[in-house]
Amino acid sequence: MIREKVLLVFINFENFKNNTTKKQRYHKTINENVEELKNLTISAGADVEEILCHKQDKPNPKYFISTGKLEEIKNIVDNKEIELVIFDNEITPTQQRNLQLKLDTKVLDRTALILDIFAQRAHSREGKLQVELAQLNYLLPRLIGKGIELSRLGGGIGTRGPGETKLEVDRRKIRKRISLLEKKIYQISVQRDTQRKKREEKNIFQIALVGYTNSGKSTLLNATTDSDAYVEDRLFSTLDSTTRKLKIYPNSEVLISDTVGFIEKLPHQLIASFKSTLEEVKRSDLLLLVVDISNTDFENNIYSVKEVLKEIGVWQKPVVLVFNKIDKLSSGELNSLKIKYKNSVFISALKRRGLPELYLRIKKIIERHYLNIIVKIPYNENKIMSFIYSNCQVLRRRDLEDSAILNLNVNSKYCSILSRYIYRGRESREAYIG
Ligand SMILES: Nc1nc2c(ncn2[C@@H]2O[C@H](COP(=O)(O)OP(=O)(O)OP(=O)(O)O)[C@@H](O)[C@H]2O)c(=O)[nH]1
Ligand SMILES: [Mg+2]
């Protein structure tokens, strides 16, 4: 495969700062931004030839970048035979078109780059449909008027996914395709919902692995379930969700799911299209937020993940911060982080270190999730009796003349259903033990 030669452009509308200041606390420093866009470009299969950082007061309406700097870019493009210019900033469809005409080369922004990586990684039918939907939603406003003639610019980054011919069809056809894709994705999600409902009815405890891309979620899934999910040192290796039984509970039903990783400024088109994949996260009882502790920017990464979790409406769930890759730290560094993050778990998914502590934490949360109650059920209440046997763990049962007294472990969400059967007699413990 031919690797495209890329120029990366960063424009800062404030002062450049290499250190994180209070104001920038939750934004990457320019160096970290450069590093991340570089990694994204490499993950997309291209070579970074040149990087250009520029400070500007405000965006130029026509070209986004100032005209002086544009000339400099034009020279670099011509001299180094650059085939693709990627802006870290979001540029408007009109600016993108003007830049392409002026530079006579392909121009993309960070969103388009991420969409391209997703298009390359999508293998399942659902994944492909979701990425195509996100790409078409991104392309639609870019097809105004004359449209961008991507086909003229050949293949490579930004042209994968919906084929060339699709890009040339008019907006009406694209809209039609979008609604067809939405329908297909909906149909798949309905099938998946049925499976999920079965799990929910069975009172299965579900854990979801969430975190920044490349933090080690799939490695942790493999370590905790003896499976072999795809792992690689690149961004967005996983797109589809995988669900497995947790090893520490081989005979009971505790499931753990791995899913797509997040990134700062994750394109909203992607979040919208991956709704059904992210449903796994929405339905879970516990989130393990996996953090690559060896990444100097891990605190910002946690913040970005929280932002996405808020956006999909799951930030209220119990969350455990799982700091991964501790094998890459010195014991001094590790100890000071352990003091700072007292309630977190520190592991190395790769070297299988710290897993017993993680299991202990999960067990405690599961125990809290299930309440131990004693109920008295009259024999003629068949419905509630069968509900109990299919949804609760029956620890002990004592049969009386007209009813049974049961000691149950119940998912807290079912307590309201059972509340009127709670056996409150002063002798309840003895009655049950009796
Ligand atoms: N040193 C070290 N490397 C690790 C550890 N856990 C994972 N890795 C490496 O980190 C890289 C990414 O791991 P993955 O498990 O694919 O990460 P992920 O979070 O699933 O990534 P995406 O699916 O791309 O979002 C791989 O090269 C892993 O071998 C660890 O504990 N220590
Ligand atoms: Mg993964």
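Both ligands and their constituent atoms are indexed starting at 1 by order of listing. Keep in mind that the numbers below use all heavy atoms, side chains included, and drop hydrogens, waters and symmetry copies.
The pair Arg110-Glu36 meets the salt-bridge criterion, with a side-chain N (NZ, NE, NH1 or NH2) lying under 4.0 Å from an Asp/Glu carboxylate O. Looking at Glu4 and Lys106, a side-chain N of the basic residue comes within less than 4.0 Å of a carboxylate O on the acidic one, giving a salt bridge. A salt bridge is defined here as a Lys NZ or Arg NE, NH1 or NH2 lying under 4.0 Å from an Asp or Glu carboxylate O, and Asp47 with Arg3 meets this definition. Salt-bridge check for Glu71 with Lys74: failed, with every basic side-chain N at 4.0 Å or more from each acidic carboxylate O.
Within the 4.0 Å heavy-atom criterion, the part of Asp327 lying near ligand 1 is the side chain and not the backbone. When non-hydrogen atoms are compared, ligand 1 lies under 4.0 Å from the side chain of Lys328 (C-beta onward) but not from its backbone. Here Asp233 has heavy atoms under 4.0 Å from ligand 1 in both its backbone and its side chain. Heavy atoms of Arg234 found under 4.0 angstrom from ligand 1 belong exclusively to the backbone.
Within a 6.0 Å sphere centred on CD of Glu232, other residues, nucleotides and ligands contribute more than 12 heavy atoms.
In this structure, a donor-acceptor pair under 3.5 Å is present between the side chains of Tyr138 and Asp109. Of the N and O atoms on the side chains of Asn300 and Asp297, at least one donor lies less than 3.5 Å from an acceptor on the other residue. For the residue pair Asp228/Asn222, the side-chain donor-acceptor check at 3.5 Å is not satisfied. In the model, Ser218 has a side-chain atom that pairs as donor or acceptor with a side-chain atom of Asp258 under 3.5 Å. Between the side chains of Asp116 and Gln120, a donor-acceptor pair is found at a separation under 3.5 Å.
The aromatic rings of Phe118 and Phe236 lie tilted to each other, with the angle between the two planes from 30° to 60°.
Centred on the Mg ion (ligand 2), the angle running from Ser218 (OG) to Thr238 (OG1) is recorded as 90°, rounding to 10°.
Considering both main-chain and side-chain atoms, Val231 never comes within under 3.5 Å of ligand 1 through any nitrogen or oxygen pair. Between Tyr230 and ligand 1, a contact under 3.5 Å exists for no N or O pair. Close N/O approach between Ser348 and ligand 1 is found [any backbone or side-chain N/O within under 3.5 Å]. Inclusion of Ile347 in the set of residues having an N or O under 3.5 Å from an N or O of ligand 1 is not warranted.
Of all protein heavy atoms, the one lying nearest to atom 13 (O) of ligand 1 is Thr219 OG1, 3.5 Å. Nearest protein heavy-atom neighbour of atom 8 (N) of ligand 1: Lys325 CE, 3.6 Å. At the top of the distance list for atom 23 (O) of ligand 1, counting protein heavy atoms only, stands Thr238 OG1, 2.8 Å. The closest protein non-hydrogen atom to atom 16 (O) of ligand 1 is Glu232 N, 3.3 Å. Considering only non-hydrogen protein atoms, atom 30 (C) of ligand 1 sits nearest to Leu350 CB, 3.3 Å. Among protein heavy atoms, the minimum distance from atom 19 (O) of ligand 1 is reached at Lys217 NZ, 2.7 Å. Protein heavy atom nearest atom 6 (N) of ligand 1, with residue, atom name and distance: Asn324 ND2, 3.1 Å.
Residue side and main chain included, Ser237 places no N/O/S atom under 2.8 Å of the Mg ion (ligand 2). Not one N/O/S atom of Thr213, from backbone or side chain, sits under 2.8 Å from the Mg ion (ligand 2).
No donor-acceptor pair closer than 3.5 Å links the side chain of Ser257 to the backbone N or O of Glu280. Remark: the backbone N or O of Gln206 is paired with a side-chain donor or acceptor of Asp285 at under 3.5 angstrom.
Ligand-side atoms of ligand 1 in range of Thr213: 22 (P), 24 (O), 25 (O), range being under 4.0 angstrom from any heavy atom. In the vicinity of Phe236, heavy-atom distances shorter than 4.0 Å reach the ligand 1 atoms 24 (O).
The closest approach between Gly211 and ligand 1 stays at or above 4.0 Å for every heavy atom of the residue.
Between Phe274 atom CZ and Ile185 atom CD1 the span is 8.5 Å, to the nearest 0.5 Å.
Taking only non-hydrogen atoms, the option from Ser237, Gly261, Gly216 nearest to atom 22 (P) of ligand 1 is Ser237. Residue nearest to atom 21 (O) of ligand 1, selected from Ile326, Leu239, Asn214: Asn214 (by heavy-atom distance).
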